[in-house]
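The structure appears below as structure tokens.
We're numbering straight along the sequence, starting at 1.
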Amino acid sequence: MQSSAPKATLRIHIRISLQSLAMFLLKAWRSTAFGAYGYLNFTKSGFLEHSKNFNPEDMARRIDGKNCVVTGANSGIGYATAHGLASRGATVYMVCRNKGRGEDAVSKIQSSTNNQNVHLEVCDLSSVHDIKSFTSRFKEKDIPVHVLVNNAGVLENTRVTTSEGMTELMLPLLEKSQPDARVITVASGGMYTAPLTTDLQFTSGEFSGVEQYARNKRVQVALTEKWAEKYGDKGIGFYVMHPGWAATPGVATSLPSFSKSLEGKLRTSEEGADTVIWLALQPKEKLVSGGFYFDRAEVPKHLPLGATKSSHAAIDSIVDTLNSFM
């Protein structure tokens, strides 16, 4: 016998705005394209393939008497950069947050390069007070700075607000070494996944350390363009580079799953620092101020169809915000 009761129908309505759907698909595309492109190019095998086109003479230059400041220099790419510059005769000032680790790093580089002109400067670059104190102290040396390497960086998995501003505070010392002065900033390929945003402190949405890191690195790329435009008449070259995926202590700590999944395939710190040193050694007429470099070549700053290029228009607003921190 069949029941005469009416059948119940369950209807679920899901409303997604076209804008939200487009943003979701765009983020998915950026991540997918970045992952595929990165696996082919940013790993150790990518470095070995690209190195076939390297000119050994590019790295043979001595820079005795040049003063180089390297931040985040006690380990990883910063240490490899400081070591590479010291081995070529430079006077190197290693800016480190931890005094003990910094002293150990200085001692090792002095011993291995037989260059005693390697010095420690203690500064926590997440602190505006420390940055101002360090730059004021360093200016008292009244020496020209030929190369400033902005390497220090950290990926936090919890929300932490920080401010930076050392580059412009060091401009008077950089101007003393013109026309050879240059600023080299170490960014990350992760910036390909993020457009420039004025929400520097990640105040909206659920915080993601990986996304915030990518955003910060995008800021560095856009800032380098801005510095090149703003200070182009001061004889200072501004360059930003991507070191590839390197097995550094910072990566191992902040991205343990990533490090484990690519174990044996990541670059060494020396391979990651290779383009930093290359940028420090090349005649400036061979380089493009404001350019983004990877494996000793200028490369695009945006993925195809990544929709990040137009976002750089926000850089003036971001500069104003950064200046308000200082």
| task | Find out if a path of hydrophobic residues (ILVMFWY) with successive side-chain heavy-atom gaps under 4.5 Å connects V147 to F292. | result | no
| task | Would you check if the side chain of E271 reaches a backbone N or O of A246 as a donor-acceptor pair within less than 3.5 Å? | result | no
| request: Taking the side chain as every heavy atom from C-beta outward, state whether H119 and T91 have any pair of such atoms under 4.5 Å apart. | output: yes
| said: Using only atom types and a distance under 3.5 Å, with no angle test, would you say the side chain of R182 pairs donor to acceptor with the backbone of S289? | reply: no
| said: Using 0.5 Å steps for rounding, measure from the CZ atom of F47 to the OG1 atom of T268. | reply: 7.0 Å
| With the threshold set at 4.0 Å, does a side-chain nitrogen-carboxylate oxygen contact exist between K176 and D142? | yes
| message | I need the minimum non-hydrogen distance between G237 and K284, along with the two atoms involved. | response | N-NZ, 3.4 Å
| For the student: nearest non-hydrogen atoms of I143 and L173, plus distance | O-CD2, 3.4 Å
| message | Quick check on N114: does its CG atom have over 12 non-hydrogen neighbours (other residues, nucleotides or ligands) under 6.0 Å away? | response | no
| query | In chain order, what residues pass the side-chain hydrogen bond (donor to acceptor under 3.5 Å, both in side chains) check against T43, with sequence neighbours excluded? | reply | S45
| query | Between N67 and S177, do the side chains contain an N or O donor and an N or O acceptor separated by less than 3.5 Å? | reply | no
| message | Ignoring hydrogens, what is the shortest heavy-atom contact between V221 and A187? Give both atom names and the distance. | response | CG2-CB, 4.3 Å
| query | With hydrophobic residues grouped by side-chain heavy-atom distances under 4.5 Å, do I131 and V145 end up in a single group? | reply | yes
| query | If you group Ile, Leu, Val, Met, Phe, Trp and Tyr by side-chain heavy-atom gaps below 4.5 Å, do L287 and L148 land in one group? | reply | no
| Exam field: side chain S87 to backbone G84, donor-acceptor pair closer than 3.5 Å | yes
| For the side chain of N115 and the backbone of I109, is there at least one donor-acceptor N/O pair under 3.5 Å apart? | no
| query | Are the side chains of K230 and E168 in touch, meaning some heavy atoms are under 4.5 Å apart? | reply | yes
| message | Among residues at least two apart in sequence or on other chains, which ones pass side chain to side chain contact (heavy atoms under 4.5 Å, CB included) with S259? | response | V251, A252
| message | Under the criterion side-chain contact (heavy atoms from CB on, under 4.5 Å), I'd like the reasoning laid out for D295 against N53: C-alpha separation, chi angles, the key distance, then a yes or no. | response | CA-CA 10 Å; D295 283 350; N53 297 317; over 6 Å; no
| When you look at I315 and L223, which way does the side-chain contact (heavy atoms from CB on, under 4.5 Å) test go after all the steps? | CA-CA 7 Å; I315 189 59; L223 266 179; 4.1 Å; yes
| message | Please say yes or no: joined through hydrophobic side-chain contacts below 4.5 Å, possibly via intermediate residues, are M191 and F258 part of one cluster? | response | yes
| query | More than 12 foreign heavy atoms under 6.0 Å from OH of Y39: is that the case here? | reply | no
| field | Y231 and E175 side chains, donor-acceptor separation under 3.5 Å | value | no
| message | Could you check whether any side-chain heavy atom of N151 comes within less than 4.5 Å of a side-chain heavy atom of V276, counting everything from C-beta outward? | response | no
| Non-neighbouring partners of Y239 that pass ring pair (Phe, Tyr, Trp, His ring centres under 6.0 Å), sequence neighbours left out | none
| task | Starting at OG1 of T308, measure out to CZ of R30 and round the result to the nearest 0.5 Å. | result | 6.5 Å
| field | Interatomic spacing from CD in E270 to CD1 in I77 - rounded to 0.5 Å | value | 10.0 Å
| request: Without swapping roles, check the side chain of K309 against the backbone of H302 for a donor-acceptor pair under 3.5 Å. | output: no
| task | Give a yes or no answer on whether the side chain of K44 reaches the backbone of W245 with a donor-acceptor pair at less than 3.5 Å. | result | no
| side-chain contact (heavy atoms from CB on, under 4.5 Å) between M241 and L279, worked out | CA-CA 9 Å; M241 61 78 65; L279 285 166; 4.0 Å; yes
| task | Verify, without hydrogens or angle tests, whether R101 (side chain) and N74 (backbone) share a donor-acceptor contact under 3.5 angstrom. | result | no
| request: Flag the pair L125 / M166 as yes when at least one side-chain heavy-atom distance between them is below 4.5 Å, and no otherwise. | output: yes
| query | Taking C-beta and beyond as the side chain, do V149 and C68 meet within less than 4.5 Å on heavy atoms? | reply | no
| Less than 4.5 Å apart, any side-chain heavy atom of E121 and any of V69? | no
| query | What do you reckon, is NZ of K99 surrounded by more than 12 foreign heavy atoms closer than 6.0 Å? | reply | no
| request: Evaluate the ring planes of W278 and Y293, with Trp represented by its six-membered ring, and classify them as parallel (under 30°), tilted (30 to 60°) or perpendicular (over 60°). | output: tilted
| field | Whether R267 side chain and G272 backbone form a donor-acceptor pair below 3.5 Å | value | no
| Test item: S51 side-chain N/O and L48 main-chain N/O as donor-acceptor pair under 3.5 Å | yes
| request: Quick one: closest heavy-atom pair of A33 and L303, and the distance? | output: CB-CD1, 4.0 Å
| task | Go through the steps for M59 and F54 under the test side-chain contact (heavy atoms from CB on, under 4.5 Å), then give the verdict. | result | CA-CA 10 Å; M59 303 294 268; F54 291 174; over 6 Å; no
| query | Is it true that Y79 and V92 fall in one hydrophobic cluster, defined by side-chain heavy atoms closer than 4.5 Å? | reply | yes
| query | For K52, which residues count as a side-chain hydrogen bond (donor to acceptor under 3.5 Å, both in side chains) partner, sequence neighbours excluded? | reply | E49
| query | Stepwise, does the side-chain hydrogen bond (donor to acceptor under 3.5 Å, both in side chains) test hold for N150 with T167? | reply | CA-CA 8 Å; N150 291 319; T167 296; 2.9 Å; yes
| message | Looking at every non-hydrogen atom in both residues, tell me the closest pair between D124 and S126 and how far apart they are. | response | OD1-OG, 2.7 Å
| Rounded to the nearest 0.5 Å, how far apart are CH2 of W29 and OG1 of T193? | 13.5 Å
| message | Ignoring hydrogens, what is the shortest heavy-atom contact between G78 and V70? Give both atom names and the distance. | response | O-CG1, 3.7 Å
| task | Can you sort out the partners of F294 under ring pair (Phe, Tyr, Trp, His ring centres under 6.0 Å), two or more places apart, ordered by chain and number? | result | F42, H50, H242
| field | Separation of I277 CD1 from D58 CG (nearest 0.5 Å) | value | 13.0 Å
| field | Flag if over 12 foreign heavy atoms under 6.0 Å of NZ, K286 | value | yes
| task | Inspect the surroundings of NZ in K108 and state if more than 12 heavy atoms from other residues, nucleotides or ligands are less than 6.0 Å away. | result | no
| field | Nearest-0.5 Å distance that lies between atom CD in E211 and atom NZ in K27 | value | 4.0 Å
| Test ring pair (Phe, Tyr, Trp, His ring centres under 6.0 Å) applied to F238 - qualifying residues, sequence neighbours left out | W227
| task | Kindly indicate whether the side chain of K226, heavy atoms from C-beta on, has any atom under 4.5 Å from the side chain of D316. | result | yes
| field | Heavy-atom side-chain contact between R218 and T197 under 4.5 Å | value | no
| T224 (side chain) donor-acceptor with Q220 (main chain) under 3.5 angstrom | yes
| said: I'd like to know if D274 pairs up with R296 as an ion pair, taking the criterion as any Lys NZ or Arg NE/NH1/NH2 lying under 4.0 Å from an Asp or Glu carboxylate oxygen. | reply: yes
